[in-house]
Chemist: 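Just dropping this structure here.
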Amino acid sequence: MWSRQRGRLKPLCCGVEELRCRRREREAALRKARREQQLVSKRLLRDEALEEAEEGCVAMIFGEAEIQQFLQLAQRGTEEKEREGALVSLRRGLQRPETQQTFIRLEGSIRTLVGLLTSNQALLQLEAARCLHELSHSEQSAVVEACLPATSYLLTYLSGHSSDFIELCLYTLGNLIVESEAVRRQLLPQGIVPALAACIQSPHLTVLEALGYALSQLLQAKEAPEKIIPSVLGSTLPQHMLQLLQPGPKLNLGVAVEFAWCLHYIICSQVNNALLITQGALSTLGLLLLDLAGAVQRTEDAGLELFLLQKQPSLLPEGLWLLNNLTANSPSFCTSLLSLDLIEPLLHLLSVSNVVSVLVLTVLCNVAEKGPAYCQRLWPGPLLSSLLDTLAFSDTEVVGQSLELLQLLFLYQPGAAQAFLQQSGLQALQRHEEVAQLQDRVHALQQTALHG
Amino acid sequence: MQLPPALHARLAGAPGSAEPLPVERDPAARTAPFRFAPRPVRFPREHDFFEEGDVQRHLYLQDVLMQVGGAPERPRVPEFTCQVAGCCQVFDALEDYEHHYHTLHRNVCSFCKRAFPSGHLLDTHILEWHDSLFQILAERQDMYQCLVEGCTEKFRTSRDRKEHLVMRHLYPADFRFDKPRKSRGPVMPGAAEQVLAEALGDDGVPSEGDAMEVCSEHVEPPPVPAGERRAYSHREMNSCPSAALAQLPRIWPERYHLPSVLVKVPREDLKGPRREISTSNGGSSAALWRCCRASPPRHGGPRTLARATLHVAGL
């Protein structure tokens with residue numbers, strides 16, 4: 001069956017440097033694709049043990065005649081092993097785009113494959129599904145759309161019981177979904193949302209991860225906010241998703257990753273977030289974050305540097321964004337920030353990057369603007385010297401935000417202006433006197449500092 | 001980054017925070033040229049802010065992120081035979097057996113020995129095929145339920161249901177799970193080896209026993225020249241529904257097959273009681289495969305999940 005051995009570190013056939021280089025290239029390609037709104041990535045299930053056994057034979061390009069032969073043998077061979085073998089050979093050939101093209105152009109080929117998909121021989125059925133899976137992975141929409149006749153059957157099989165088979169159907173569906181709007185236009189009336197809602201009650205983790213993948217592809221579609229998300233929100237899917245994101249011993253990371261992305265696509269589409277809140281999304285996710293923070297901490301301490309994985313700083317923008325939204329209009333969150341001694345760690349982040357610095361300063365402004373009681377707790381301490389440092393930045397946005405914070409401190413905290421002067425604050429301000437976006441504020445601060 | 005002591009204490013279960021500090025704003029605060037005002041920020045999905053996260057997500061999907069983890073082995077066992085009476089399939093891997101069992105022995109109608117992909121379809125089949133009360137009621141009201149999960153439509157005839165499936169739910173006109181059969185008495189088992197033989201130029205005779213047969217009245221779309229092959233499946237679907245249905249003979253047997261597969265078993269008394277479909281086969285073979293199913297270690301990575309969760313935070 002499909003055992004995905006994603007975990008294995010293969011003995012290096014290429015050096016670390018080459019891996020890094022490849023990764024950078026892939027990243028660049030993905031960024032470009034995203035800008036062009038062409039971000040399409042698929043999951044391919046392949047049995048690696050099988051692949052390695054077949055290593056010697058590179059997938060051949062099959063012509064029409066060979067494909068016909070395989071199909072005929074699969075349909076009407078006398079020996080079961082023979083029929084299975086024919087489909088296995090076909091499947092291997094279908095790893096090549098050229099063979100895929102030939103296949104879909106051959107009259108009756110898909111029809112035959114669909115016939116085998118619904119055959120009364122279980123293992124033939126499975127092999128036929130694997131062939132379909134290979135086709136679904138194609139980057140050519142013609143190949144993917146040729147698989148349309150199979151979708152109603154794939155959906156029907158989702159309410160079956162064979163978990164490996166269901167997993168395969170789900171990944172195939174996910175691949176088809178992301179590639180083509182024609183596929184999505186067909187799957188929705190065919191009932192994919194209720195089918196997924198029924199399937200999400202499966203106890204099998206592999207099935208759940210596959211379902212999360214398929215659903216995430218569906219939710220990522222550009223027409224999702226109007227055509228897909230409303231019916232997903234109207235189903236039982238959200239509450240099951242949240243259940244699968246509950247922190248604790250039963251949390252499975254692979255599954256949780258998929259459903260977290262599903263939620264992300266739903267939420268940033270702003271269709272009906274209030275509904276999710278009533279279903280407990282905030283508390284579930286908050287607890288999950290805390291749980292994960294602990295996990296990340298432990299991993300770092302253990303020294304397990306997972307090669308190519310992002311280090312912590314990459315999560316900072318999102319974390320600080322969250323902090324901003326939490327503190328913006330909430331005195332209690334701001335109070336917590338102060339009482340939990342989180343100000344100093346925040347200040348340490350000021351040197352990471354401009355984006356991060358602006359976010360940190362914004363959060364601090366959220367706290368300071370609430371008045372003297374809050375500013376008092378920000379003072380004295382490292383805040384002033386940190387601010388003087390940021391004034392040395394050249395980035396206008398960082399400096400601008402620092403000026404806003406300074407103004408609040410001058411206003412609400414007696415002695416702040418004085419201390420600022422004493423620590424050569426005026427000189428720090430001077431260098432920005434000519435900058436268009438900053439001038440007015442710089443002058444205002446200079447006045448306040450000098451004259452109170 | 002070490003957790004600050006106060007936060008550490010709080011997370012470890014120290015008492016909750018006190019009252020929030022009093023808020024006291026001075027109107028001078030937001031006077032020009034200063035303009036700061038706290039506000040929650042929302043990013044639309046395409047915003048650049050999500051670029052990094054999206055890129056990481058797609059790298060993950062493409063499996064570029066290498067992880068350390070064990071490689072689950074395919075458990076190979078000495079050859080064993082399927083335990084179900086009359087089935088002599090042999091296996092040497094538990095997962096193969098699992099799929100076989102679920103496909104052929106799980107949702108079986110004991111009247112006609114057909115296996116269905118799901119319990120739902122089996123129940124529908126039994127209701128429509130083997131329930132005399134259903135037949136009586138069907139003469140007076142709409143009893144044929146739409147097969148799509150979540151659709152509550154009911155129909156007077158199976159033919160009407162089929163038309164609904166095709167028109168409303170875009171099912172293919174030759175959806176195998178909705179085929180009429182020539183009513184010639186009870187089903188003959190033993191023909192299980194017959195597979196649907198068509199399209200590749202073969203006019204195989206539809207077998208009596210095989211529920212997947214193509215009805216002879218079904219209209220095949222004319223073969224398309226090779227150059228247009230790519231559009232074949234679309235055209236078949238788009239042109240088929242009402243045109244093909246209109247051509248079908250009016251005398252349409254009410255009974256038809258739902259998704260089913262004929263299992264090769266010896267003939268039994270068809271009047272026997274319906275076999276209970278239990279969710280757990282008490283047999284040892286079932287227990288064997290269940291406990292041997294190892295979940296491959298997942299490497300999702302706490303950071304990947306943390307990122308996704310943080311993205312979600314923009315409520």
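Chain naming here is simple, since letters A, B, ... match the order of the sequence lines and numbering starts at 1 in each. As the structure is a prediction and not an experimental result, all values here were calculated from the model.
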Chemist: Taking all atoms of both residues into account, what is the closest heavy-atom pair of Val55(B) and Glu27(A), and its distance?
Modeler: CG1-CG, 3.9 Å
Chemist: Can you tell me which of Ala328(A), Gly371(A), Gly191(A), Pro372(A) forms the most heavy-atom pairs within a distance under 4.5 Å of chain B?
Modeler: Ala328(A)
Chemist: Would you indicate whether the side-chain heavy atoms of Leu21(B) and Leu338(A) approach each other to under 4.5 Å?
Modeler: yes
Chemist: Please determine whether a side-chain nitrogen of the Lys or Arg among Glu258(A) and Arg57(B) lies less than 4.0 Å from a carboxylate oxygen of the Asp or Glu.
Modeler: yes
Chemist: Using a cut-off of under 4.5 Å on heavy-atom pairs, state which of Cys365(A), Ala197(A), Cys334(A) scores highest against chain B.
Modeler: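 Going by pairs under 4.5 Å, I would pick Cys365(A).
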Chemist: How close do Ser152(A) and Phe175(B) get, counting heavy atoms only, and between which atoms?
Modeler: OG-CE1, 3.3 Å
Chemist: Where on Tyr412(A) is there a heavy atom nearer than 4.5 Å to chain B: the side chain, the backbone, both, or neither?
Modeler: side chain
Chemist: Taking side chain as everything from C-beta outward and backbone as N, CA, C, O, which of these in Asn329(A) sits under 4.5 Å from a heavy atom of chain B? Side chain, backbone, both or neither.
Modeler: side chain
Chemist: Side-chain contact, heavy-atom cut-off 4.5 Å: Trp261(A) with Asp54(B)?
Modeler: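 With C-beta onward as the side chain, the pair touches.
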Chemist: Quick check on side-chain hydrogen bond (donor to acceptor under 3.5 Å, both in side chains): which of His102(B), Glu98(B), His99(B) does Ser162(A) satisfy it with?
Modeler: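 In the set His102(B), Glu98(B), His99(B), the residue that makes a side-chain hydrogen bond (donor to acceptor under 3.5 Å, both in side chains) with Ser162(A) is His99(B).
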Chemist: Below 4.5 Å from any heavy atom of chain B, which atoms of Ser216(A) appear? Answer side chain, backbone, both or neither.
Modeler: side chain
Chemist: Could you tell me the separation between the CZ atom of Arg31(A) and the CG atom of Asp48(B), rounded to the nearest 0.5 Å?
Modeler: 10.5 Å
Chemist: In terms of heavy-atom pairs under 4.5 Å with chain B, which of Leu408(A), Val114(A), Thr78(A) leads?
Modeler: Val114(A)
Chemist: Starting at OG1 of Thr156(A), measure out to OH of Tyr171(B) and round the result to the nearest 0.5 Å.
Modeler: 4.5 Å
Chemist: Taking the side chain from Asn324(A) and the backbone from Arg39(B), do they hold a donor-acceptor pair closer than 3.5 Å?
Modeler: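 Yes; at least one donor-acceptor contact below 3.5 Å.
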Chemist: Which atoms of Glu46(B) are under 4.5 Å from chain A, going by heavy atoms: the side chain, the backbone, both sets, or neither?
Modeler: both
Chemist: Under 4.5 Å from any heavy atom of chain A, what part of Pro22(B) do you find: side chain, backbone, both or neither?
Modeler: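 It is both, since atoms from each part get that close.
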Chemist: Relative to chain B, which of Leu158(A), Thr151(A), Leu30(A) shows the most heavy atom pairs under 4.5 Å?
Modeler: Leu30(A)
Chemist: Taking all atoms of both residues into account, what is the closest heavy-atom pair of Pro20(B) and Thr335(A), and its distance?
Modeler: CA-OG1, 3.3 Å
Chemist: Go through the atoms of Ala198(A) and report whether side chain, backbone, both or neither lie under 4.5 Å from a heavy atom of chain B.
Modeler: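 It is the side chain, since no backbone atom gets that close.
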Chemist: Do Arg45(B) and Ile267(A) come close enough that some side-chain heavy atom pair is under 4.5 Å?
Modeler: no
Chemist: Can you name the nearest heavy-atom pair linking Ser159(A) to Ser118(B), along with the distance?
Modeler: O-CB, 3.1 Å
Chemist: Side chains of Leu411(A) and Phe34(B): does their closest heavy-atom pair fall under 4.5 Å?
Modeler: no
Chemist: Under 6.0 Å from the CZ atom of Arg25(B), do we count more than 12 heavy atoms belonging to anything else shown?
Modeler: yes
Chemist: What I'd like to find out is whether the side chain of Arg441(A) reaches to under 4.5 Å of the side chain of Arg35(B), using heavy atoms alone.
Modeler: yes
Chemist: So, are Asp174(B) and Arg111(A) salt-bridged, with charged N and O less than 4.0 Å apart?
Modeler: yes
Chemist: When rounded to the nearest 0.5 angstrom, what distance separates CZ in Arg34(A) from CD in Glu51(B)?
Modeler: 6.0 Å
Chemist: Could you give the distance from SG (Cys268(A)) to CZ (Arg42(B)), rounded to the nearest 0.5 Å?
Modeler: 11.5 Å
Chemist: Between the side chain of His100(B) and the main-chain N/O of Ala122(A), is any donor-acceptor distance below 3.5 Å?
Modeler: no
Chemist: In Å, rounded to the nearest 0.5 Å, how long is the span from CG of Leu147(B) to CG of Leu155(A)?
Modeler: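 Separation between the atoms: 12.5 Å.
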Chemist: Under a 4.5 Å heavy-atom cut-off, does chain A meet the side chain of His58(B), its backbone, both or neither?
Modeler: both
Chemist: Quick one: of Glu344(A), Gln220(A), Glu404(A), who has the most non-hydrogen atom pairs under 4.5 Å with chain B?
Modeler: Glu404(A)
Chemist: For a quick test of reading the model, state the closest non-hydrogen atom pair linking Pro149(A) to Pro172(B) and the distance between them.
Modeler: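 Looking at all heavy atoms of both residues, the shortest contact is O-CG, 4.4 Å.
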Chemist: Where does Arg168(B) contact chain A at under 4.5 Å (heavy atoms): side chain, backbone, both or neither?
Modeler: backbone
Chemist: Report yes if some heavy atom in the side chain of Leu59(B) is under 4.5 Å from a heavy atom in the side chain of Arg23(A); otherwise report no.
Modeler: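 The answer is yes; the side chains approach within 4.5 Å.
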Chemist: CG of Leu124(A) to OG1 of Thr103(B): how many Å apart, nearest 0.5 Å?
Modeler: 11.0 Å
Chemist: Tell me, yes or no, whether the heavy-atom count around Gln376(A) atom CD, taken from other residues, nucleotides or ligands under 6.0 Å, exceeds 12.
Modeler: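 No, because the 6.0 Å sphere around CD of Gln376(A) holds 12 heavy atoms or fewer from other groups.
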Chemist: With the threshold set at 4.0 Å, does a side-chain nitrogen-carboxylate oxygen contact exist between Lys370(A) and Glu24(B)?
Modeler: no
Chemist: Please state whether the side chain, the backbone, both or neither of Gln439(A) comes within less than 4.5 Å of a heavy atom of chain B.
Modeler: neither
Chemist: Within a strict 4.5 Å, meaning less than it, do heavy atoms of the Gln62(B) and Arg43(A) side chains meet?
Modeler: no
Chemist: When you measure from the side chain of Asn325(A) to the backbone of Pro40(B), do you find a donor-acceptor pair of N or O atoms at a distance under 3.5 Å?
Modeler: no
Chemist: Just give me the residue among His443(A), Glu80(A), Gln37(A), Lys42(A) that pairs up with chain B most often, heavy atom to heavy atom, under 4.5 Å.
Modeler: Glu80(A)
Chemist: Could you give me the CA-CA distance, side-chain angles and deciding distance for His264(A) and Phe50(B), then say whether ring pair (Phe, Tyr, Trp, His ring centres under 6.0 Å) is met?
Modeler: CA-CA 10 Å; His264(A) 164 64; Phe50(B) 294 132; 4.7 Å; yes
Chemist: Counting only non-hydrogen atoms closer than 4.5 Å, does Val148(B) touch chain A with its backbone (N, CA, C, O), its side chain (CB onward), both, or neither?
Modeler: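 Looking at Val148(B), just its side chain touches chain A.
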Chemist: Taking side chain as everything from C-beta outward and backbone as N, CA, C, O, which of these in Arg185(A) sits under 4.5 Å from a heavy atom of chain B? Side chain, backbone, both or neither.
Modeler: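 When you check distances to chain B, only backbone atoms of Arg185(A) fall under 4.5 Å.
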Chemist: Does the side chain of Gln401(A) reach to within under 4.5 Å of the side chain of Phe36(B), using non-hydrogen atoms?
Modeler: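 A side-chain contact under 4.5 Å exists here.
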